[in-house]
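Index from 1, following the sequence. Given the structure is predicted, the values throughout are model-derived calculations rather than measurements. Note that ligands are numbered from 1 as they come in the structure, with each ligand's atoms numbered from 1 the same way.
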Amino acid sequence: MKKISFRRLKDISVTKKVYFIVGTMAVLILVELLTLWFSIHTLSSVRALVGAEGLWSKAQKDAIYQLQKYYSSHDEQDYTAFKNFMSVPLGDHKTRLELIKLEPDYAIARQGFVEGKINPDDIEGIIQVLRRFHNIYYIKRAIKAWTDGDSIIAQLIPMGEQLHNEINSAAPSKEKLDAIIKAIGPINHSLTIIEDDFSYILGEGSRWLENLILEILFIVALTVEITGLLLSISVSRSITKGLNEVNRAANKITQGDFSERAAVFSNDEIGQVAMSVNQMTEQLLKSNKELEQFAYIASHDLQEPLRMVTSFLGLLEAKYNDQLDDKGRRYINLAVDGAERMRKIINDLLEYSKMARKDYDLEDVDMNTLMNDVARLNQTRLKENEVILEWKDLPTIKAGRTPIFQVMHNLVGNAVKYRNTDVKPHIKIEATETPEHWQFSVADNGIGIDPMFYEKIFVLFQRLHNKTEYSGTGIGLSICKKIIENHKGNIWVESVPGKGSTFYFTIGKQ
Ligand code: ADP
């Protein structure tokens, strides 16, 4: 059950999540306020009950006092005062009898308390406390004391009447009057004990209630706080988790790793963003593949007609050389040059699209051996230009041999091509190890590269020189970049123009 509601919370929209938290908090705070209101109300009613008990005791004490006064003064006014005071416990008595009924007549109960001189504003509250909590220990005992007291107080009425009759008789007997007044003593005494018990037990009860209310309020407040905190933490965590995931995947994709996907944790807006990012990548991957396919097919299919153009140009030159004037021969030469350049571009493009296809196996490649092969392939150029090419203790890496050979061949080739004619070319290859990858550097003392072109040179067809200065297609470094990225690595350059450049690339160990 808990799991289902949690899953639902995760999948509802962010706005609804916020509404949910605010709504839950509002309901909990309302519950807390209602508890507070009910507690204060109950507590003040119990306090009023304590006050009512005070009135009840005092009235009964005053009544006894008036009776004793009447005994000595024989003044009718004192007897009237006695009866007046007696109306208080009698009124309360009326209420008590009504309240113990199964279906009390509340009008009678209220009237009783009015006669008991209780403040009308307190009556309702006291009646509720007595009805609702009559089973609570303290109230039960208080009612018991009240009941006991009532039966004793009731004895005072016939006594008062006897006294009144005797005093108003033709010849009041002193002995009889003494006997009546003497009987009041023990009644008064037992009433005092009951009253003490009554007020003590109500005092205890109200202190107990006070503590209970404080505890309840504390628990309710704590529940509100904890629920709010837990809800906020869980919702904000799920939002952060989703956003971080989208961020992580988007970063990887930006770096060119189109195989990356964002995990979808929820069905809310954030989950939908993650799904959109994934769909976008899917689309990107598809159009990338299409482009690579196009480049491959185009460059592949262009080779044949180009070969035809070149061979017919050759035939033209061989067969009609004698009949052509200088101009004609120059035109043919220019056409042959153009065709040759085109062949190079097509070959490089084909190479580029082959590398993009990633159709090679990972194997252990000893970079020292590989460098030997690179040096052998470039032997003539290196010798011609008196290049010092050096490397030492290179590692064995897990890579595609052909593509990595291509990278080294391109970088060394460029280092020779873009040499500084004032100094003897010196190319140094080194490798350093980090926990996750190998980092290679190919350093030269050539013409260098302005830092503003550090990124540009890795873009397809981007060159910093025209073809008369340095021959080339502007594809070599793009091929290197593609290969290194396919190996989950990075490639970049650092250079001091005029002093030399160092190309770095990393290859993951796995
Ligand atoms: P290409 O060499 O065919 O022009 P590349 O993609 O290999 O194409 O190189 C792109 C550009 O980067 C080159 O035109 C050149 O300006 C610059 N470059 C490459 N390697 C070096 C280097 N070692 N020193 C200086 N410039 C370089």
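Looking from atom 19 (C) of ligand 1 to the surrounding protein, the closest heavy atom is Asn414 ND2, 3.5 Å. In this structure, atom 13 (C) of ligand 1 lies nearest to the protein heavy atom Tyr418 OH, 3.2 Å. Scanning all protein heavy atoms for the shortest distance to atom 23 (N) of ligand 1 gives Asp444 OD2, 2.9 Å.
Taking Ser238 as the reference, nothing meets the side chain to side chain donor-acceptor pair (under 3.5 Å) condition, with sequence neighbours excluded.
The N/O atoms of Gly474, backbone and side chain alike, include one that comes under 3.5 Å of an N/O atom in ligand 1. Inclusion of Arg463 in the set of residues having an N or O under 3.5 Å from an N or O of ligand 1 is warranted. Between Ile449 and ligand 1, a contact under 3.5 Å exists for no N or O pair. Distances between N or O atoms of Thr473 and those of ligand 1 include at least one value under 3.5 Å.
With hydrogens and angles left out, the side-chain atoms of Asp444 and His426 include no donor and acceptor closer than 3.5 Å. A donor atom on one side chain and an acceptor atom on the other are not found under 3.5 Å apart for Gln272 and Asn267.
Ring-plane geometry between Phe38 and Phe133 is classed as perpendicular, the angle between the planes exceeding 60 degrees on a 0 to 90 degree scale with a lower cut at 30.
Within the structure, every pair that satisfies the side chain to side chain donor-acceptor pair (under 3.5 Å) test and touches residues 27-47, not counting sequence neighbours, is listed here: Arg47-Ser206, Arg47-Glu210.
Below 4.0 Å from some heavy atom of Leu464 lie the following atoms of ligand 1, by number and element: 14 (O), 16 (O).
Within the 4.0 Å heavy-atom criterion, the part of Lys417 lying near ligand 1 is the side chain and not the backbone.
The cationic atom of Lys417 (NZ for Lys, CZ for Arg) does not lie both less than 6.0 Å from the six-membered ring centre of Tyr470 and within 45° of the ring axis.
If you check each of Ile457, Val412, Ile427 against atom 11 (C) of ligand 1, the one with the closest non-hydrogen atom is Ile457.
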